Amino acid sequence: MKKFEKKVFSVEGMHCASCAKNIEKSVIKLKYVKSAYVNFAAKKLYVEGEALENEKIIQAIETAGDYKIIIGQNDDLDEMKKAKNKMIGAWIFAGPLGLFMIYHMFFMPMEIMDNAKLAFLIDLSYIIFAVPVIFIWGYRTYKSAINSIKRFSFNMDSLIVLGTFSAFITGPLKLATFPIENYAIIGMMIMAFHLTGRYVETKAKGKASQAIKKLMKLEAKTAIILKGKNQKEIKIEEVALGDIMVIKPGEKIPTDGIVVKGESAVDESMVSGESIPVDKKVGDKVIGATINQDGILYVEATKIGKDTFLSQIIKLIEEAQGSKIPIQEFSDKITNIFVPVVIVISVFAFFSWIIFPEFFMYIINLFGFVPWINPEMGIISLALASAISVLVIACPCALGLATPTALMVSLGIGAEKGILIRRGEAIQTMKDVKYIVFDKTGTLTKGKPELTDIKAVSISEKELIAVSASLESASEHPIAKAIVRSAKERKIKIRSISNFKIKRGKGIEATLDKKQVVIGNRQFMVDKKINIKIIEENIQRFENEGKTVMVVAVGKKIAGILAVSDALKEDSKTTVQKLNKLGFEIIMITGDNEITARAIAKEAGIEEVIANVLPEEKASKIRQLQKKAGVAFVGDGINDAPALKQANVGIAMGTGTDIAIESGDIVLVKGNLEGVVSAVNLSRETFRKIKQNLFWAYSYNSIAIPIAFFGLLHPVIAEIAMATSSITVVVNAILLRKVKI
């Protein structure tokens, strides 16, 4: 069986979705590469395949264009600083002439331009000021575009370069007495606004990707460990398995471990989203990077490095960023052909103006009131302005950012709330889900029996518990442990017994205070010739509620009844109610008998039950439901893993087994069921943002390109609009953080 591995590379130098496509195409050609996906917003390449070689992948990336591999994480601050410096440099030159251009456009009498010397000086100043902006500050844009044009794989930079260079070259042509308007200043302004858009976009994308960086910063840098009787501070990388770490109040717990000494409360909000500290005592597990509150803890390190809980969360988020949502497939197909099509439309616009001047002049005369439209310019100048506007108005960047940016923000929100989305596809798939199927034990219920009902008959309730717990303390059965635990919680003393015997499947008996005590089911009482008629009605009622009933008899006389059941989690009922309101049909699946299953389901507010299901049958039951509609399955145990994989969306409880968690599309770190509602709301809101982003990106281009084609859009305004569309998409995604889930 082939073993596939996944690798992640941070890439610098991508300027648009087309850049991402170029890298994907180059890498996917490599031998053994199964899939390659670039998250343009995260600036990451995700590669999956067999026997992957870093050198060959890096070479393929660099072959695709002017791209650079970054070891470790992208430095957003450094990239932001570079983008800011380019923007400032461009506006130092473009600002003064830009103001002059606006003044010229609105207020300067055209007669002034009849002065040949003044007109020559103005045209020359346009060219001189444009050179540094276009060819120095815009150097990386030109380099990227030239590399892509060489490979016939056009990107967004290709459009900017074609637009700015076409505008710039008109300056020298006019000075050479060619009958054309000088658009050099327009080329300069386009590049200045392009670099401004780059800076704002880089800043916004940096905010969108902050979640994973915040998680990385949470890690402790050092640890204090015991060396004999002495304490020594070491770097976190030097902590070894089995080391005993000393954590004082207010300090971060360096790595995952088990408390071996001390008691304290620990703030685990960074992984669970829960603000209330969790009490920890000897034997309890603790998570690295959580904060010790008020007592000294001695913790044995059980996981280090990449195996810690926090490292696994970071890994899950990075993998999820590398997953492609189905809706993105359509967007990618459009992006692949977008730039070449725009270039064709631009060329077509230019020649259409040349061939049909009367038609286009008629249109712009209708809009002569618009300040930047000047019907008196020559037809070649108007044709060129139209072609340039088409080039710069088209924006595949917005299309490329629409989905991954929303996904990045969503993953960050989820991580803060204790919801880990392991597969981005689940965000879209959730909208098609009709059925949410809950496993019973450990998911809807607490997963361990609890003493729920006490019916004393001939002795007091306290004495009934004391007698029962004294006998059950000699048993290892889960029900026995539930009774003993209840006695300890009530601080009831457990007494010594003798002659203890177990009757498998029936009950136990022993001598307590020189009296024979029998605890067991109905059949055991019959075997011992103990009359249970006086409590038959109570036994029947408890059994109908799905509880396990034990009769207690002291010296052949009925002492009382104890009922034990796997109690519902506190939030099970409210979660089911909320999911019903959201329009889902809720189903409970369990291996329990029909009566017990129905009783638990009724208490939880669930009407549909699938009972008597063997562990290996759960996945087949999910398949049957999938024939009707989409299914989400919520589970926590090893036997739930096949069903979690089979479901359209698998939601694993973070308190469950590692196998179940690995099988889930969404993992609820806290393990409470309210997280299911939050996960549903988060996925719905995220998909809504993605659809909004794609709608605005497509609508923008659908409306803007025709306007530019007919000469109604000034090239500089076109560039401003282009940059704004990309920024709008990113900001709209960031607004996800305002949504309550």
Side-chain angles (χ1 to χ4, degrees), residues 440-441 445-568 590 592-604:
K440 181 183 81 72
T441 306
T445 65
K446 294 178 180 178
K448 59 182 181 181
E450 290 186 352
L451 181 59
T452 55
D453 299 273
I454 304 165
K455 174 66 178 176
V457 177
S458 60
I459 58 177
S460 69
E461 185 175 292
K462 183 178 179 180
E463 179 63 12
L464 178 62
I465 296 172
V467 169
S468 303
S470 296
L471 265 70
E472 297 289 8
S473 65
S475 172
E476 290 298 317
H477 195 281
I479 290 176
K481 290 181 178 180
I483 295 171
V484 173
R485 189 166 56 248
S486 180
K488 288 180 177 178
E489 288 170 357
R490 289 173 167 84
K491 297 182 180 179
I492 294 174
K493 187 178 178 180
I494 294 175
R495 307 198 289 266
S496 300
I497 60 170
S498 59
N499 303 320
F500 179 78
K501 295 177 184 177
I502 296 176
K503 295 293 181 181
R504 298 293 175 193
K506 293 183 179 180
I508 59 175
E509 58 182 311
T511 301
L512 175 67
D513 299 335
K514 298 181 181 180
K515 292 180 181 179
Q516 184 68 12
V517 181
V518 178
I519 303 176
N521 57 25
R522 183 190 279 105
Q523 185 59 51
F524 197 31
M525 296 300 124
V526 171
D527 293 346
K528 292 293 180 179
K529 296 182 172 52
I530 297 172
N531 191 346
I532 60 171
K533 283 185 179 180
I534 60 170
I535 54 168
E536 182 65 47
E537 187 178 328
N538 295 104
I539 293 173
Q540 192 67 47
R541 177 166 59 85
F542 290 144
E543 286 181 343
N544 288 340
E545 291 173 0
K547 297 170 183 176
T548 300
V549 180
M550 287 158 294
V551 181
V552 182
V554 179
K556 297 287 184 179
K557 187 177 181 181
I558 297 295
I561 308 172
L562 301 177
V564 173
S565 72
D566 183 5
L568 280 177
T590 178
D592 283 347
N593 62 69
E594 191 78 25
I595 294 175
T596 302
R598 289 282 174 194
I600 293 291
K602 184 179 180 181
E603 189 181 350

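No hydrogens, no waters, no symmetry mates; every other heavy atom, side chains included, goes into these values. Keep in mind it's a predicted model, so treat the numbers as computed, not measured.
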(Q) Under the rule for side chain to side chain donor-acceptor pair (under 3.5 Å), what residues qualify as partners of E461, not counting sequence neighbours? (A) none
(Q) Taking side chain to side chain donor-acceptor pair (under 3.5 Å) as the definition, give me every residue that meets it alongside E509, ordered by chain and number, with sequence neighbours left out. (A) Q516, K528
Could you pull out the closest heavy-atom pair between [X] and [Y], with the gap in Å?
X	Y	value
K493	A466	O-CB, 4.2 Å
S468	I519	CA-CD1, 3.6 Å
S496	L512	O-CD1, 3.3 Å

Are [X] and [Y] side-chain neighbours, meaning at least one heavy-atom pair lies under 4.5 Å?
X	Y	answer
I508	K503	no
V551	I558	yes
L568	I600	yes
L464	S460	no

Could you state the interatomic distance from [atom1] ([X]) to [atom2] ([Y]), rounded to the nearest 0.5 Å?
X	Y	atom1	atom2	result
I534	K557	CD1	NZ	8.5 Å
S486	I454	OG	CD1	5.5 Å
L562	I483	CG	CD1	5.0 Å
K515	T511	NZ	OG1	12.5 Å
K602	N544	NZ	CG	9.5 Å

Q) Given the rule in the salt bridge (charged side-chain N to carboxylate O under 4.0 Å, His left out) test, do R495 and E472 qualify, once you have shown the distances and angles that lead to the verdict? A) CA-CA 11 Å; R495 307 198 289 266; E472 297 289 8; over 6 Å; no
Q: May I ask you to decide whether E543 forms a salt bridge with R522, counting only side-chain N to carboxylate O separations under 4.0 Å?
A: yes
**Q.** Residues E450, K446: salt bridge by 4.0 Å N-O rule
**A.** yes
Q | Over 12 non-hydrogen atoms of neighbours within 6.0 angstrom of NZ in K547 | A | yes
**Q.** Verdict with reasoning, D566 to K440, per side chain to side chain contact (heavy atoms under 4.5 Å, CB included)
**A.** CA-CA 9 Å; D566 183 5; K440 181 183 81 72; 4.1 Å; yes
Q: Step by step, work out the side chain to side chain contact (heavy atoms under 4.5 Å, CB included) result for R485 and E489.
A: CA-CA 6 Å; R485 189 166 56 248; E489 288 170 357; 3.8 Å; yes
Q: I would like to know whether V467 and E463 meet side chain to side chain contact (heavy atoms under 4.5 Å, CB included); could you show each step before the answer?
A: CA-CA 6 Å; V467 169; E463 179 63 12; 3.4 Å; yes
Q: Could you go through the side chain to side chain contact (heavy atoms under 4.5 Å, CB included) check for I561 and V552 one step at a time?
A: CA-CA 6 Å; I561 308 172; V552 182; over 6 Å; no
**Q.** Expected output: side-chain T445 to main-chain A567 donor-acceptor under 3.5 Å
**A.** no
